[in-house]
Every structure is written in structure tokens, then in C-alpha cells.
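Because the structure is predicted, anything quoted here is derived from the model rather than measured. All values below were derived from every heavy atom in this structure, side-chain atoms included, with hydrogens, water molecules and symmetry-related copies excluded. Note on naming: letters A, B, ... go to the chains in the order of the sequence lines (proteins, then strands), and numbering restarts at 1 for each one.
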Number of protein chains: 2
Amino acid sequence: MDKLIKFINRYVTLEKEDLDVILPFFKRNILLKDKFIIKKEQVVTDYYFIASGGLIIYDIKDEIQFTRYFAFENEFIGDISKIRNRGRSDSYIKAIEDTELYSISYKDMETLYDRFPLWQKFGRLIWEDSFASVLYGIHNFQSLTAKERYLDLLKRSDLIFRVPLKDLSLFLGVTPQSLSRIRKEISIAKE
Amino acid sequence: MDKLIKFINRYVTLEKEDLDVILPFFKRNILLKDKFIIKKEQVVTDYYFIASGGLIIYDIKDEIQFTRYFAFENEFIGDISKIRNRGRSDSYIKAIEDTELYSISYKDMETLYDRFPLWQKFGRLIWEDSFASVLYGIHNFQSLTAKERYLDLLKRSDLIFRVPLKDLSLFLGVTPQSLSRIRKEISIAKE
DNA sequence: TCATGAAATTACCAAATGTTAATTAACACC
DNA sequence: GGTGTTAATTAACATTTGGTAATTTCATGA
């Protein structure tokens, strides 16, 4: 649980006794590559902390895949809009690498929130961060072309080395063919 | 402060005594149409609750405006990525209607968070909601065309009646000319 | 009321992206 | 090693969107 503890400590400084109460609520999970932690229409109950590895979140409509998001080590995720009322997932979550997860139920989180004010603070900070990072993504879509979004991603992450072009392109909001074309243009421009 | 109190009550049930401590930290502000609450490069210090009216948040780069967001009554907003470290705003925030605001400083919010666990919970829920709503926007960009995004917006909001096409189009990530064209196509299709 | 300027519309052409389909490359399985 | 499956690339064409510019509409203030 080392990674999880470090992650928590980046946000709040909990007493050891408190941490000893909180941590047991997390369940460790090893998810092999291409296995699912949740499928569409399943009831959403848990948050996940990713200690290592990576996940893809995607939807399938009319046989077409839409990549919503990728999540990697040291990310804390949860489908907030569904989890609150035990709604059903509108996407699949699959491991794209062998992944070590720590899951905790919505119910347990709420209990801990009420019991430990610092844990509530942890929750607040997590969601503030999540909000800020998605906001950044929105601004990208509003103001950049597909090629610019791709170049921005290159600068900020190692995503292209970890996920297939097909999934990446849909995440960027373009077709795989388009991204392939963009990639070619860039490689030509470099010469 | 009625609207603000109602808004808070939607999230948490605070004791009257607590509320009496918290509310005075908010400063009431009437912002006339086209007046700014913050301009680019100014240091960001405050959160805002909008009791009535509306705001536009936009950036200007190379003389071109980029609409980031519109905020209306009963929204609680703050530039989380800047406010934490007293960073400078990368956008302008302007009233698009006469607007009644309640502002509170980052510092005061932090103080109140620590003092009232329920206020911390309020903060967490606010940002969870904000995250969920921005996430919805991202999915739109990832999977819809400009026309589909416009139609989706029509269904969900009265934005088109409250903001000029120019600002709205940039919010949707297209040029004003494009949106004008789209609007025409839709009106033709209706006949 | 008129004059002014900004917003909205329209048109035309260029650039970007989507669609369909064929080809090649990579990779897992036998 | 060969076979089959999927991903990635490429190409040709269609559609969407952008950029520039002209025209019209609309709101505002003199």
C-alpha cells in the first residue's frame, strides 16, 4: 500500500492511527492486461486508486468505440455521476497493462469522510485536481486543432508509448486514420 | 443571501450558528453588464457564487477571443488551478447581464474548511459536481460534431437566448461563421 | 433620426477531418 | 514456420470546418 499512502500524504497529513483505520477499507486487486474492472450497465460502487499499470475507459455505441479516458499509476478515479446513486456504468474499464488497484466502496468513503475531517479534505482536493485537469482538456478542444492536441499530448505525457493509436485517436476526438495522417505529417516536417 | 443559503442547503445541513459564522465571509457584489470581475494577469484570490445574472470567462490570444465557459445563477465558481498559489488569471471574467455575486477569498475558504467539517464536505461536493459536469463536456467534444454539440446544448440549456452567437460558437469550439452556417442548416431541415 | 460600429449572415475557396476501402505490418495462436 | 486476426497505414473521395471578405442586420449613442 506504499504508493497509496504516499499519494494520500501528498494531500493531507493524517495521524498514523487514523491511517490505520482508513487503509483497511481499501481492497487490493491485481488486474491482468485486458481484464475488466467494470462493464457497461453494471452498477457502479467503487472508487479506484491505481498503484501501477493503466486503464482505459471507453464506451461502445453502434459497434464503434469511444475512448473517454486513460488512467495510470497514482491516479484516483471514480465515476462520480453514477456512483452517488448506484447508477449503472455507461462505459467499460479495462486494464491496458497488468495493473495493481486499490478499491474502496462509495459507502465506505462516505463513512470515512464523516469520521475524519482530514479525509474529507483529501476528497475535496482530489476532486479539485480532477476538475482542473479535465478543464485543461476542454480548453484544448475549444482552441486547438487535432494536430495541435496531439502535439500537446506528446509534450505532456508518455501516452503514445503506452496505448495503441486506435484508442489514442478516439481520445483526441479524431478517427484513427486522421491521427495516422497527422503523425505522418509531423514525421515529414521533422526531416 | 437567500439564494446562497439555499444553494448551500442543497449540499449540507449546517447549524444556524455555523452558518452565521460562515456567511459574513462572503462579500456581496453587484456587477453591471459588461463590467469585469477579473482581467487577465490579475492575481486570482476569490471564489464566486452567482445569485443572479451571468458571466462569461474568456481568453484573448493574438487578438482572437476564446470563450472558455459561461456561468449563471446558482453556480459556484473559482479558478482552482490558479487560486491555490495565488497565480495570475489566464482569462477575463465579465458580466453578460447585471449580476449579483457573493465572493469569498481562498484564504477564508481554507479557514472555514478547517473549522467546519461540513463546510469541507460542501467544498468536496461542489467540486465533485463541477468535475462531473466538465466531464460531460469532454465527452461531447470527443464524440460529437459541431452541429451535434450545438443541438445537444439546445436541449440542455437556454444559453442561446442569453449569449451572442459569437461567444457561443467559440465555446463550442467552432468559428462564428461555422455556427451561423449550422444554424441555417438546422432551420432549413425543420421546414 | 441618423451615423457608427459591432454582430450575424452569406459566399467562396482552402484546409482539415471523415468515410470507405485496399494494403501492409504486427502479433497471437496453432 | 504458417495462418488468421487486428492494428496501422495509405489512398481517393466526400464532408465539415476554417479563413477571408462582402453584405446585411442590429444596437447604440450623438
Is it the case that more than 12 heavy atoms not belonging to A:R10 sit under 6.0 Å from its CZ atom? yes
Would you check if A:I8 and A:W119 make a side-chain contact, meaning some heavy-atom pair closer than 4.5 Å? yes
Rounded to the nearest 0.5 Å, what separates atom CZ in A:R149 from atom CG in A:L144? 7.0 Å
What integer distance in Å separates A:K166:NZ from D:dT5:P? 17 Å
Students often mix this up, so state it plainly: with edges at 30° and 60°, are the rings of A:Y11 and A:F122 parallel, tilted or perpendicular? perpendicular
What string of B, S and - do you get for nucleotides 12-30 of chain C, 5' to 3', if B is base contact, S is sugar-phosphate-only contact and - is no contact with any protein heavy atom under 4.0 Å? B----BBBBB---------
CA sep, side-chain torsions, deciding dist, call: B:D90, B:K40, salt bridge (charged side-chain N to carboxylate O under 4.0 Å, His left out): CA-CA 5 Å; B:D90 55 10; B:K40 199 169 172 172; over 6 Å; no
What is the distance, rounded to the nearest whole Å, between atom CG of B:L168 and atom P of C:dA7? 14 Å
For DNA chain D, list all stems, counting runs of three or more consecutive pairs where every pair is Watson-Crick or G-U wobble with both distances under 3.5 Å. C:1-30 with D:1-30
How long is the line joining NZ of B:K184 and P of D:dT16, in whole Å? 15 Å
Can you give me the closest heavy-atom contact between B:L165 and B:P176, atom names plus distance? CD2-O, 3.5 Å
Would A:R84 and A:Y106 count as a cation-pi pair here, with the cationic atom under 6.0 angstrom from the ring centre and within 45° of the axis? no
Answer yes or no for A:K94 and A:Y92: cation-pi contact, defined as NZ/CZ to six-membered ring centre under 6.0 Å and angle to ring axis within 45°. no
NZ/NE/NH1/NH2 to OD/OE distance under 4.0 Å, A:K6 and A:D2: no
Report yes or no: is the cationic atom of A:K147 (NZ for Lys, CZ for Arg) under 6.0 Å from the centre of the six-membered ring of A:Y150, at an angle within 45° of the ring normal? no
Any residue of residues 56-68 of chain A with a heavy atom less than 4.0 Å from an atom of DNA chain C: none
Which whole-number value in Å describes the distance from B:R183 CZ to C:dA7 P? 14 Å
